[in-house]
Amino acid sequence: MRFSSLLPSALVLGAGIAEAASGWNFDEAIISVSAKGAAGAAGAFKDKLSDHVPLSKPVTLGQTETLKIILTATENGEPKRPHQAFLLLRDQDTGLEETFPLQTKESGKGKVDFATLKSQKDLPIQLLTSSQPLRATLLLASFGSTQAFANHVFNLDIQTDPNVAKPKYEKPLRYGQLGEINHIFKADPKSGPVIISLLFTVAVVAAVPILFGSWVLLGANLSHLPKATAAAPVSHSLFFSSILGMEGIFFLYYYNWSLFEMLPVAGVIGLVTFLSGSKALSEVQSRRLAGER
Amino acid sequence: MHFLRGLLLSLLPVAALAAKNAPVDKFTKFQTKQLSSTPLKLDDAIYAQLTSAPRDYSSVILLTAMEDRFGCQLCREFQPEWDLLSKSWIKGDKMAESRLIFGTLDFINGKATFQSLGLQTAPVLLLFQPTTGPHANPEAGPSRFDFNNGAQSAEQVHRWIARQLADRPHPPVVRPINWTRGIAITTTILASITFLTVAWPYLLPILQNRNVWAAISLIAILLFTSGHMFNHIRKVPYVVSDGKGGVSYFAGGFSSQYGLETQIVAAMYGLLSFATISLALKVPRIADPKTQQIAVIVWGGIIFVMYSFLLSVFRIKNGGYPFWLPPFS
Amino acid sequence: MTDSIVEPFLKGNTGRNTRGILRLSILCLIAAAAIASRLFSVILDPWFNFRATKYLVANGFYDFWDWFDDRTWHPLGRVTGGTLYPGLMVTSGAIYHALRALTIPVDIRNICVLLAPGFSGLTAFATYLFTNEMSTSPSAGLLAAAFMGIAPGYISRSVAGSYDNEAIAIFLLVFTFYLWIKALKLGSAMWGALCALFYGYMVSAWGGYVFITNLIPLHVFVLVCMGRFSPRLYVSYCTWYSLGTLASMQIPFVGFLPIRSSEHMSALGVFGLLQLIGFVEFVRSGVPSKQFTTLLRGFVLAVFTIAFGGLVLLTVSGVIAPWTGRFYSLWDTGYAKIHIPIIASVSEHQPTAWPAFFFDLNLLIWLFPAGVYLCFLKLADEQVFVVVYAILASYFSGVMVRLMLTLTPIVCVAAALVLSHLLDTYLTMTSPDAPAEGASDATNGAAKKAIKQDGLRSMRSPLVGIYTTFSKGSVVSALTAYLLLFVLHCTWVTSNAYSSPSVVLASRMPDGSQHIIDDYREAYQWLRQNTKTDAKIMSWWDYGYQIGGMADRPTLVDNNTWNNTHIATVGKAMSSSEEVSYPIMRQHEVDYVLVVFGGLLGYSGDDINKFLWMVRIAEGIWPDEVKERDFFTERGEYRVDGGATETMKNSLMYKMSYYNYHTMFPAGQCQDRVRGVKMPDQGPVLNTLDEAFTSENWIIRIYKVKDLDNVGRNHTAAASFERGNKKKKTTKRRGPKVLRVE
Amino acid sequence: MRWILSFLLLAFLATVQAVSSAGYKLLVVLEELADKSKYSKYLGDLEARGFSISYESPKSDKVALFTLGERAWDHVLILPPKAKGLGPLLTPKLLLDFINAGGNILVALSASQPTPSGLISLLLELDIHIPTDRSALVIDHFNYDTLSAAEKHDVVLVPRPDAIRPDVKNFFKGDGKGGEAIAFPRPVAQTLGNASPLLTPLIRAPRSAYSYSPKDDVDSVEDPFAVGQQLSLITTMQARNSARFTVVGSSELLEDTWFDAKVKRSVGMNGAPAGNEFKTSNQAFAKEVTGWTFKETGVLKVGQIEHHLNETGSEIVSNPKIYRVKNNVSYSIELSEYSWDKWIPFTPPTGDIVQLEFSMLSPFHRLPLKVAETTLTSTIYTTSFKLPDQHGIFNFKVNYKRPFYTNVEEKNTVTVRHFAHDEWPRSWVITGAWPWIAGIGATVTGWVAFVGLWLWSKPVPLKGAKGGKKNL
């Protein structure tokens, strides 16, 4: 919709020429840009507007400068004061358009000057932040049947001063589709290289034979087994097996038992260990007291 | 923000100037300067140039008054911290990725600036964000660090700056190792060790003496149970004068106390327990019945009176406490 | 005749039995008294533990273990199973199931209410055992048990219905110590293992287990320094440490702390030290040679220093977590206030003034030092323990009010020691007959020499005994009087101070009659009945558990302060202006905001008095947006009246507290009875909240968070339209004009 | 959810008689019933569409919007009254309450009859501004009707509106052939604030149009109220509760005379030559605008919402309350659109999609919903994704708010819990744990062997350390 009337207005020239004679028009239009304070000093820009060809290069408007247009509107040739005398500034990116009515003064001898004073601060923010030059169209029209005038007369280039903060403009909330979001997951914990863990595993496992070997070297043996079993067969066997059983229970608990499956069994086995153990150990002690150890 | 406006106005000409005759990058200029000596010593002109837009760097500027006649205690306290901070930052950020300039403007060289900012007090720490470049946020004026609770340590200021300059490197503050202190400590340690080795034979009996230990532990217990830690933590006054010339020994109110008060209480506890100990241990060892009799009466009396006094004191603290013993009611 | 009747019971074997029976019955009576004295009033608190217990009973152990609670800390939720000490809940759950198994139909609520008194009986018993280890006199234990049973210092945390970890923790504490002493005396691995077992139980029940974790190693260390290393010590400590550490690591909340955090490093260090010394001793036993032993000493020292250095290095490098804030704040007392305001803000983390000590353990407090002194008489291992415990605990209790709890047992024990000693001395029928001068001298002289130098000064002369019945009578009667006074004191304290639950306030009417102020429960009932079950309530964390329990509504933060940031968010919402806090509340889906306001009643524990803590906590996270400074006037006062700062007046908390408050008073007389100031006649204006409920005495005020305006105005505009003033026609708009874009 | 129920109910009604999805009770407020005749065609259309219309004058007390606190009408049509006020029963507050209660309002303004102040302040509340001079009207020297307004240029001819944004559905383009024009006789200009997303200019004035007040700017317009496309001729506001409010700039637009008037466009701005005579498409356009305002078009309905666990080997339970971290879940929502007299499957306009947010505090996922299947009356959108690795209370949120469509805001709360203790990989799977497991094994074997030795070992004569080390 913004662009709908962008393209046709390129045709305006042709039309303009066509309608130049009859209908609304203007002559001796002068556009000038002057810095505030030092009016008409160096750097001031001045040019003449044509009613059918836009100015070749864009008019630049600085931070503190003001733009001024003076022209005489004519209806079918003679100067007259139209009801609508607007200067349209269109942002070519967004198609936003702002309109500035020209102040009209009645001067003597039936001729009408239009003047507009415009500096950056009367421009809406959206236009200030435009990237391309603004496209300026001049409208002259009034009631009645006279053909109105609308023509692209020049381009306006807004220059903002880097020293002064650019006016901030954040787009207002409008309902619409939002950007897609995908959650970024934390990386899973990793265990170190398998080789190293294998190495350590082997080392740990190797510790067992070493231990046994050292024991054997220190003269460990099971030669009292017959004597012990003879002395207290039940308690010894029960004690040892119960200890084995306890380890087995621990393994099952580690593997898939729940606490409540494990506790009662462990309790029973523990009791057995306690009772048989006291017997068996006292037997051992008796051996020691007997000086056999 | 009025002072910001003042700032801008005071800067406009300079800004124009800078914009015209500074084709070489301002930042590199300052950066090279501050690599040699940081923080930069500023005067009005340099300050203006440093803070003039457009800036593609940020700058932290300390406005201070070091001369004695201003009598700015805070300034002098903060100065070493400030130097330390800037030095360690610059050292840590040789490549100047944080694009931060440290500057110090003393009132002597910067009267105009102080006036333009309408500053009455010093020190003031201003941080100027860049107006152009990746981290630009132009409309924010210089943010100001408040010293309203005393001089700040370099770390605190560093934290503040780091908050302001997000997503930029923040070289940490590195304090130079305090050699003298270390040496002092080591020497003292060695000295004490030698002393111990020499004096060990004399110390040993003291260390092994039960009475000493008993005394120490009892004192400790009495201290703690009479609310000494409360004084230590809450920094309560020692005594407070009541309206009419005298001093009030006991603070009204259940959860408040004075230093002296706790000592009185500790003394009472001590006396009570000492009397108890005597009753328990000394008295039965007195060979002479008479003296023993007297001792019992004396100690028993002391306990009774002291306890009743303690109760009465407690009744001061806690109104509505129903129990008491004669004679103090 | 009476003698002849009583005679046989006091002699020989029967005599022992009689005494045993007597002791038992006395103990039972003490336990009964302990329980009975805790039944003054019953209100279940804190509610969270009760909730958790109900969940445990309903869903079983493993579900409890993995419990994810989505009714608290909205919207984060809380991994409750992994972040609480399950001991309490599991205990009551076990009791519940046991009773069920015995076909005794009982409601879990009753168990929860009566758990604390029940365990207090056990505590008395444990104290009895513990004290018996300390002294030979049988009366000491009984006295200690009696003291422990009724000492207010312990009652304060174990009245019926106070269903908190401490309820069982104290029993476990004392009993673990008893087992430790037992193990140490016997040097038996079995007792050590038992000690470890109960230590594990303690760990599962209370964060205060760290006290044991540091006290026992300290004890051992002191013993070693006194040159008392022995196989008994070695066996008992190593058993306790290894098994106990394993046991403690089974609690998910504790996990690997015992080997990772500094609190536990002392135990580890002492363990290593013992290994070293054990090794040295072993070698020395093998190779007796003077130089060699000195060499060994050096070696030991070297290793010790190296190990210590390594420990420090690990701590610095962060492998071992540094002190957790709570624990650290015990040493550096200023630390918490600066770095962890959450901890400092809790009332029971404040230091203890002396009246509190006297209030909690009346005459025990001055018997306590005497008892400790008594321990120096015969300084055996267990007496050393008492001394160490006494000093450490009195320090801690001085720093934090709640740690009075750990002090109480040892005070009771020490006092009982000295008191029993007194009674034993003065309550004997037999009196020594007056000695002849010379003889006495001789004996004395001999005795003097006999006693070696390092004995206590009070022990120099030999024991004689008390001569006159008068002195006996006077002392004993005085003591009895004190004890009676003590009992009166305990009853009074218990009934007055410790039996008033936090949710019900009692006040005295002018005519002296008691007036119950029940605003809390009124408000929670209102919430329960008038809001939808998933309405999120925002309040300061103190009320989180109560809202969660009594009102059964989701809360943003509660008394389990595990997430500082979330609490700070609430603090920010409370201390910022409406424009800031409204988005926060929307983001957290808050439906109602609850504030506590004591201004009308003069109830000082209200939110305005806590407000500064909220500000500080928020400032800790958002130093640029919330500044404590802004809540103080130029002259540095914290004011709420007309002179309050703008930040204060615009803060949500202020507005909610004083909204419509002026309407309660005739013009010009509106005043705040807590702060004791005159309030301005024009109350604050609320745009984003609607007043939903205000309790009878205005203690609780509940506000509903408005929805966004239906036609897209901001709340200020909408509210002003509601108030009936028309919007001004926008005449010439100033500033650069803005075009409408789509 | 409750409004869905009411929708179902109304859908049922709709089957009885083709009518708006939001009820059929329409109140037309006009000064005196005589004027009724002016709008006979328009109102006739409405009646034909199944509305039961009751005509009241603002003075009468039957005009009350609420009876016993309940909304008395579903829709209100306010035609410009002659009087300066709307009376005590139509105060801006009441009208706003009516909107908040879900009622729809269509207001027609007219430059010939000054707008009542009540309406103006209501419009102000909605951030819609109209000229302070009540008689101000919009004219355009480039797009006027040369037949009726050759001199005054106050009948503006506007083509059918384009979509305000490419991704927004356009309900007002008629059959889309173009070349038609809508005649706006003496319209009242409106301008909109830039802030509110609820406002939408349904149709805007041409570039060259401007609003002037015949009193002030006689010979030349100095400071017009608004000009060009900034002034909207028909403005719509859809409240958060989807109640609709439309301001039609020119009431004459709805009059019979303009329904079948012939118009002739003037020479356009781009010099396009004056067209030849043709009939206005006011009638069709009025139908579309009114139909939209009274919820006959652009109404969305949410049918069934379903989400379930999408793991392999898990039985499908619909809408569970709790999920686990990193679960795979799928979500589906059923949407239908009401178009004049029936529910049809909803498909978003090209360039637009329906999105699902999975959010706690802030969205963790925002995913496009794809069409799974289309039934007779609805489309089912679905997506499936992996829950984030953060436990908490999350919301499945479909927040589909678009201009001209009623708001869809569906929030389903679920709890996302952490891993339970037995949901982690077992230790033997973790290679790093092997040494430790082996260590346990070694200890166990060592222990058992030690017990054996302790029980049954015969001491050897040499002075072994063992005896010394372990004496009980």
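Proteins come first, then strands; the chains are lettered A, B, ... in the order of their sequence lines, and each starts at number 1. For the numbers below, each heavy atom of this structure counts, side chains included, while hydrogens, waters and symmetry mates do not.
- No more than 12 heavy atoms of other residues, nucleotides or ligands shown are found within 6.0 angstrom of NZ on A/K190.
- Remark: A/F274 CZ is loosely packed, at most 12 non-hydrogen atoms of other residues, nucleotides or ligands lying under 6.0 Å away.
- Counting non-hydrogen atoms of other residues, nucleotides and ligands closer than 6.0 Å to CZ of C/F256 gives a total of 12 or fewer.
- Within a 6.0 Å sphere centred on NZ of C/K706, other residues, nucleotides and ligands contribute more than 12 heavy atoms.
- Looking at every heavy atom in both residues, A/E98 comes nearest to C/L739 through OE1-CD2, 3.7 Å.
- Contact of the C/V741 side chain with the A/T94 side chain is not registered, since no non-hydrogen atoms from C-beta on lie closer than 4.5 Å.
- Closest approach of A/L259 and C/F61 over heavy atoms only: CD2-CE2, 4.0 Å.
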